[in-house]
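Written out below as structure tokens is the structure these notes cover.
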Amino acid sequence: MREHGFKADSLLIKGARVIDPLSRLDAEWDLLLREGRIAELAPKHRIRGAAEETFDARGLVLAPGFIDMHVHLREPGQSQKETIATGTAAAAAGGFTSVCCMPNTSPVIDSQEWVRWLQQPERGARVNVFPIAAATMQSQGEALTDFPALKRAGAVGISDDGRPLLDGKLMRQALQLSSRLKLTVIQHAEDTRMTVSGSMHEGATSFRLGLRGMPGAAESAMVERDVKLAHSSGGHLHIAHLSTADALSFVRRAKRAKARVTCEVTPHHFTLTDQDIGDYDTNCKMNPPLRSAADREAILAGLADGSIDAIATDHAPHAAQEKQMEFERAPFGVTGLETALGLAISELHGKHQVPLIRIVELFTLGPARVLKLNGRGTLVPGNQADLTIFDPKRRWTFEAAASLSKSRNTPFDGWRLTGRLAMTMVSGRIVHYAL
Amino acid sequence: MSNLARGCLLGIEHLDRKDIFSILQLARRMNPSKPPPRLRGRRVLLLFYEPSTRTRSSFEVAAKALGAVTVLVQASGSSIEKGESLLDTGYTLRALGADVIVIRHPNAGAAMLLARHLDIPVVNAGDGMHEHPSQALLDAYTILRHKRTIDGLRVLIVGDIYHSRVARSACFLLSKLGARVTLCGPPEFVPDIASTLAPGIAVGRDLQEGLRGCDVVMLLRVQTERLAGEKIGLDQYIAGFQMTSGRLKWAKKDAILMHPGPIIRGLELTGEVADSPQSVIVEEVANGVPVRMAILARAVEKA
């Protein structure tokens, strides 16, 4: 990263196209930062306060800092894949000012002690790290963790990600607690009894490749059950990395019925399909798997029409030797922090005419609302100055070798993308600069 | 496919008609009793992660007939047991001077993975449920010794298609050469999606219907442990799909009966059918040698 010279306590960002989904603002405005917070936001030349320095942002979009509500930073325990320092450096390079890290580390984040450990300054995080704590002890699916204590320690959500909460009784209890504590329960929706030894989406491609399939029904059946439990309990259910048309239709129905149900999708699911696995490309192996073209179409529609609340990367780094394996033996997961913005603009805005303000919402206000991250995801004066500034027209080539993540397991190496990050600011401090 | 060593044979799906015919033509010129020493001084590494009798010995006989030195590496009793990765094993064999690696592996795509990382030809001797190209080629060779052409032939494949690499390779090959193929068996073994494998492939559930007008009947081995896993009764399978002399009469009079082996008499077929004049099961095994000689010669000479 190139260091940038802003050192002053106040900075005026001038002439940017400011997009703030909460106030539906999308216009050329100026923004004044002071002491790490947003001081003033006004139409061009209408800022009253004085600034020690000025940044000319003409041609760039200025948005609230992006939030990736689903990443795997691999610490504690798997630092050969990623660390909090390297993962958050990649996040900053991708325009994310906040990441929410999943608890499937070694050990599992199921205690206050580990939730606090993730947030300690010694971890060297470059952006805000909001821990998501395990729903059950060691994510074994047997005994619920102490939700109130985990929340007090700083957990912003509850999930056994990677391992679904199969037990309906436990899920019901978790959602009842969620209702009382205003804490979102995030489900990795997969009935694992249907996906045993599966390594990709079940369909014509898996049949042709001779790989055991993971049926779409394994996701949608679990979503259908959980939506019912959310409705009756009043808890907030969030479906992680939703990947099938059927599951999306259950989420839509639940929303119409005013249940507190939200969902996220990943850039790889809105960009690729199972056919992209080609000849066993393990960089296209993740869980949930790349789905059919029809599923992808449904997701694109859901992103445009508002049924989907957030884009999350499910950034899942793995060491090179772990992925250079027989497809069935390679671990699930791909990296995604540095390609999310470019893919969203190229695929959603460029090819499917999704307005930029909607894309910004999916990266900011959407996830902030799902996890009730107050003061994040909007440009309200007084808020921390978490800002993402990008050039929506700039074309660039993503090179995995230049990634700031420790791992390179991406299906997008060498992709030409439109939409490039210019600057990421966390509490008024520049954490990545790429102009 | 572009970064692979020439001469690889990883599957039928990536071959075109010309490739297939040229291998079959080369096989016809290979006389195992008067073999040309085209591989003299070459090393053929047989890397077998799964037990195999006929494929392994057939490749070994073929390689030796061409004058090659063969080395057999099996999962048990090697570094593979100690956790060495497939690629590291491949690099080791390459360093030992392998000219060709013939690999049998329980995971789909294993041969492709090895080929992508090595600069020597890799021959797929069966990868998981994916492909078994040498079997499909020897089947085509066998069919062409009995039928003038494969174009327009009606072929019925009966059995556990889902788990079968033999079936996938056969479907790709027969489709490319213009046969009309029906896959027959219960839905657990022959899901409807199987018809999407290649053009000209259909799924049928009724043996009698499938056999009508059929030129080639190909049976697959039924693993009893899989029957249990799929909740299909043995009796039920035998009642619906076992090939008997009576049922074989539903096919054309000159139909041939094939089976990649090993056969289980009394299960997918009766002993009487296995030994009938229409059965070419033993001939298939014999034809495996010239076809694999051709595959190895092509591998080394193209590389």
Side-chain angles (χ1 to χ4, degrees), chain A residues 80 193-218 244 273-286 289-295 318-332 400 408-409 411 413-414, chain B residues 1-4 8 10-14 49 80 83-91 103 105-117 124 126-133 161-169 171-172 175 183 189-198 201 203 229:
Chain A
Q80 80 280 7
R193 292 162 296 202
M194 283 189 233
T195 56
V196 179
S197 65
S199 55
M200 68 171 290
H201 176 61
E202 181 181 275
T205 306
S206 68
F207 191 87
R208 184 173 54 79
L209 291 173
L211 293 170
R212 285 165 211 274
M214 306 166 80
T244 61
T273 68
D274 60 348
Q275 292 190 25
D276 289 297
I277 287 168
D279 288 314
Y280 307 95
D281 182 356
T282 56
N283 285 331
C284 284
K285 179 179 176 180
M286 71 293 284
L290 297 175
R291 299 290 186 183
S292 68
D295 289 314
H318 290 292
Q321 73 273 11
E322 297 174 301
K323 277 290 196 179
Q324 283 192 353
M325 282 257 242
E326 297 87 329
F327 193 88
E328 289 159 281
R329 298 180 67 202
F332 291 104
R408 303 284 179 263
N409 51 309
D413 188 21
Chain B
M1 294 292 288
S2 54
N3 55 348
L4 302 175
C8 282
L10 302 175
I12 302 293
E13 197 188 356
H14 293 298
Y49 284 79
I80 296 161
E84 187 175 56
S85 75
L86 173 58
L87 287 184
D88 282 326
T89 302
Y91 297 142
I103 178 175
H105 196 285
N107 291 130
M112 172 68 78
L113 175 69
L114 197 60
R116 275 226 184 88
H117 290 87
N124 182 5
D127 62 327
M129 296 169 7
H130 179 223
E131 281 226 44
H132 192 349
I161 309 293
Y162 176 74
H163 292 99
S164 175
R165 53 191 169 216
V166 172
R168 283 181 181 76
S169 285
C171 284
F172 292 135
S175 169
L183 306 173
F189 284 174
V190 190
D192 289 329
I193 200 110
S195 65
T196 62
L197 262 186
I201 311 277
V203 166

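Letters go in sequence order (proteins before strands), and every chain restarts at 1.
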What part of [X] gets within 4.5 angstrom of chain A, counting heavy atoms only: side chain, backbone, both, or neither?
X        : result
B/Ala194 : both
B/Ser85  : neither
B/Arg165 : neither

Quick one: list whatever passes side chain to side chain donor-acceptor pair (under 3.5 Å) with B/Asn107, sequence neighbours left out.
-> A/Glu328
Select, from B/Leu197, B/Leu114, B/Thr196, the one with the greatest count of heavy-atom pairs under 4.5 Å involving chain A.
-> B/Leu197
Taken to the nearest 0.5 Å, the spacing of A/Glu202 CD from A/Met194 CE works out to 10.5 Å
Side-chain donor/acceptor of B/Glu131 to backbone N/O of B/Ile12, under 3.5 Å | yes
Test salt bridge (charged side-chain N to carboxylate O under 4.0 Å, His left out) applied to A/Arg291 - qualifying residues, sequence neighbours left out = none
